[in-house]
Q: 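Take this structure, written in structure tokens, and hold onto it; I'll ask about it next.
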Number of protein chains: 2
Amino acid sequence: MNIGDIAKATGISTKMIRYYEETGLIRPATRALSGYRVYSDNDLQTLRFVRRARDLGFTVKQIDDLLTLWRDRTRASASVKEIAMGHVAALEKKMQELKDMSDTLLHLASHCHGDDRPDCPILKTLGSTEAVAPLSRTRDRRKTRAFDRVR
Amino acid sequence: MNIGDIAKATGISTKMIRYYEETGLIRPATRALSGYRVYSDNDLQTLRFVRRARDLGFTVKQIDDLLTLWRDRTRASASVKEIAMGHVAALEKKMQELKDMSDTLLHLASHCHGDDRPDCPILKTLGSTEAVAPLSRTRDRRKTRAFDRVR
DNA sequence: CCTGCGCCTTCCCATCGTTGGAAGGTCAAG
DNA sequence: CTTGACCTTCCAACGATGGGAAGGCGCAGG
């Protein structure tokens with residue numbers, strides 16, 4: 001298989017496949033006499049793994065760690081789970097940040113007429129001296145940590 | 001005020017302030033004889049606006065648009081609201097993506113022992129031929145659109 | 001055999017927002 | 001006058017990805 005073939009098979013662009021090789025995420029492909037990269041079914045499997053991990057939002061570094069564990073048949077499943085749940089925690093942190101932004105914006109927008117008059121509390125608040133977030137962020141915004149949820 | 005002063009006052013680094021100037025988001029500061037940038041209270045206000053918009057997750061381009069509207073006293077508040085709600089929609093899309101990832105990972109992790117044995121359904125699934133997402137994404141994942149929520 | 005087309009190769013550049021450093025000028029206090 | 005904190009510009013990097021140029025390879029049709 002040439003690089004275009006696994007690109008199609010995995011949904012990863014040829015650019016990215018070369019990039020993954022260059023940065024050491026995947027091993028350098030063997031080369032045909034022409035200099036073309038040649039891929040085996042094994043490589044295909046690896047790249048599919050990469051693709052899926054990427055779709056789950058793992059960074060390349062994390063995928064590297066996961067690949068190492070994947071190849072190590074003596075790994076402890078706890079190690080894998082730790083990476084996964086650490087990532088879940090990061091995802092949840094991000095989600096909370098986005099939610100705070102969204103809530104604040106919705107709050108501001110709810111006070112904005114949204115017509116052709118220039119008066120706009122969104123702009124007024126952004127330009128004011130006080131803090132923006134009128135988030136009724138009462139108690140307990142801290143949720144159960146990911147680690148404690150799935151044992 | 002020198003650049004370090006508004007940096008402290010706004011929480012934006014001097015690097016970023018120069019970058020914002022370079023890219024045209026903010027107008028070039030006047031200069032002292034020494035070549036130092038000198039900032040007015042007006043500049044301070046503008047940069048505070050930028051800071052807040054940035055904290056709400058707006059891109060620099062969007063902040064540029066918002067600044068333009070901010071300075072235009074004949075703007076229609078609808079224009080502002082449109083930008084804001086468009087951004088809310090983007091935030092919600094992102095949140096949904098993160099949630100899907102998180103849900104999938106939690107699902108996988110819930111089947112993983114997480115002990116010192118090597119058997120791990122997380123890795124197994126990532127390496128398998130089939131699709132990853134066993135998301136019980138039933139009906140109605142599509143939420144009410146941001147635009148229709150806050151009128 | 002030549003031509004054309006599609007694939008492959010390497011190399012460089014751009015994105016976006018941000019940080020870091022190097023090399024040098026300015027300012028105020030001691 | 002020296003010292004240290006500030007300022008200046010310029011250049012590079014991050015992470016993951018896309019775009020494109022310039023040139024080589026492989027195969028099918030004439």
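What you are looking at is a predicted structure, and each value in this text was computed from that prediction instead of being measured. Chain letters run A, B, ... following the sequence lines, proteins first and then strands; every chain starts at 1.
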Q: My understanding is that only residues two or more places apart in sequence, or in another chain, count here; which of them pass side chain to side chain donor-acceptor pair (under 3.5 Å) with A:Asp64?
A: none
Q: So, B:Asp43 and B:Thr46: side-chain donor and acceptor under 3.5 Å apart, yes or no?
A: no
Q: Identify each donor-acceptor pair in which a side-chain atom of residues 3-12 of chain A lies under 3.5 Å from a protein atom, sequence neighbours left out, and give them as a table.
A:
{"unit_1": "A:Asp5", "atom_1": "OD2", "unit_2": "A:Asn2", "atom_2": "N", "d": "3.0"}
{"unit_1": "A:Thr10", "atom_1": "OG1", "unit_2": "A:Ile6", "atom_2": "O", "d": "2.7"}
{"unit_1": "A:Thr10", "atom_1": "OG1", "unit_2": "A:Ile12", "atom_2": "N", "d": "3.2"}

Q: Decide if atom CZ of B:Arg73 counts as having more than 12 heavy atoms of other residues, nucleotides or ligands within a radius under 6.0 Å.
A: no
Q: Heavy atoms under 4.0 Å is the rule here; annotate nucleotides 1-17 of chain C 5' to 3' with B where the base is hit, S where only the sugar-phosphate is, and - elsewhere.
A: ------BSBB------B
Q: Specify the angle, to 10°, made by the local axes at the two ends of the helix from C:dC1-D:dG30 to C:dG30-D:dC1 when five pairs are taken at each end.
A: 30°
Q: Atom CG in A:Leu56, atom CD1 in A:Ile63: separation rounded to 0.5 Å?
A: 9.0 Å
Q: Nearest 0.5 angstrom please: B:Glu22 CD to B:Arg18 CZ, how far?
A: 10.5 Å
Q: Could you tell me whether the side chain of B:Ser102 and the main chain of A:Val88 form a donor-acceptor pair under 3.5 Å?
A: no
Q: Of all nucleotides in DNA chain D that come within under 4.0 Å of a heavy atom of chain A, which is furthest toward the 5' end and which toward the 3' end?
A: D:dA16 to D:dG26
Q: Working note: A:Asp41 + A:Met1, criterion side-chain contact (heavy atoms from CB on, under 4.5 Å); need CA distance, chi angles, decisive distance, verdict.
A: CA-CA 9 Å; A:Asp41 279 357; A:Met1 283 195 296; 4.3 Å; yes
Q: Which pairs would a plain distance check flag for residues 114-121 of chain B, meaning a side-chain donor or acceptor within less than 3.5 Å of a matching protein atom at least two apart in sequence or in another chain?
A:
{"unit_1": "B:Asp115", "atom_1": "OD1", "unit_2": "A:Ser77", "atom_2": "OG", "d": "3.3"}
{"unit_1": "B:Asp115", "atom_1": "OD1", "unit_2": "B:Arg117", "atom_2": "N", "d": "2.9"}
{"unit_1": "B:Asp115", "atom_1": "OD2", "unit_2": "B:Arg117", "atom_2": "NE", "d": "2.8"}
{"unit_1": "B:Asp115", "atom_1": "OD2", "unit_2": "B:Arg117", "atom_2": "NH2", "d": "2.6"}

Q: Salt bridge check: are B:Arg27 and B:Glu21 linked by an N-O gap of less than 4.0 Å?
A: no
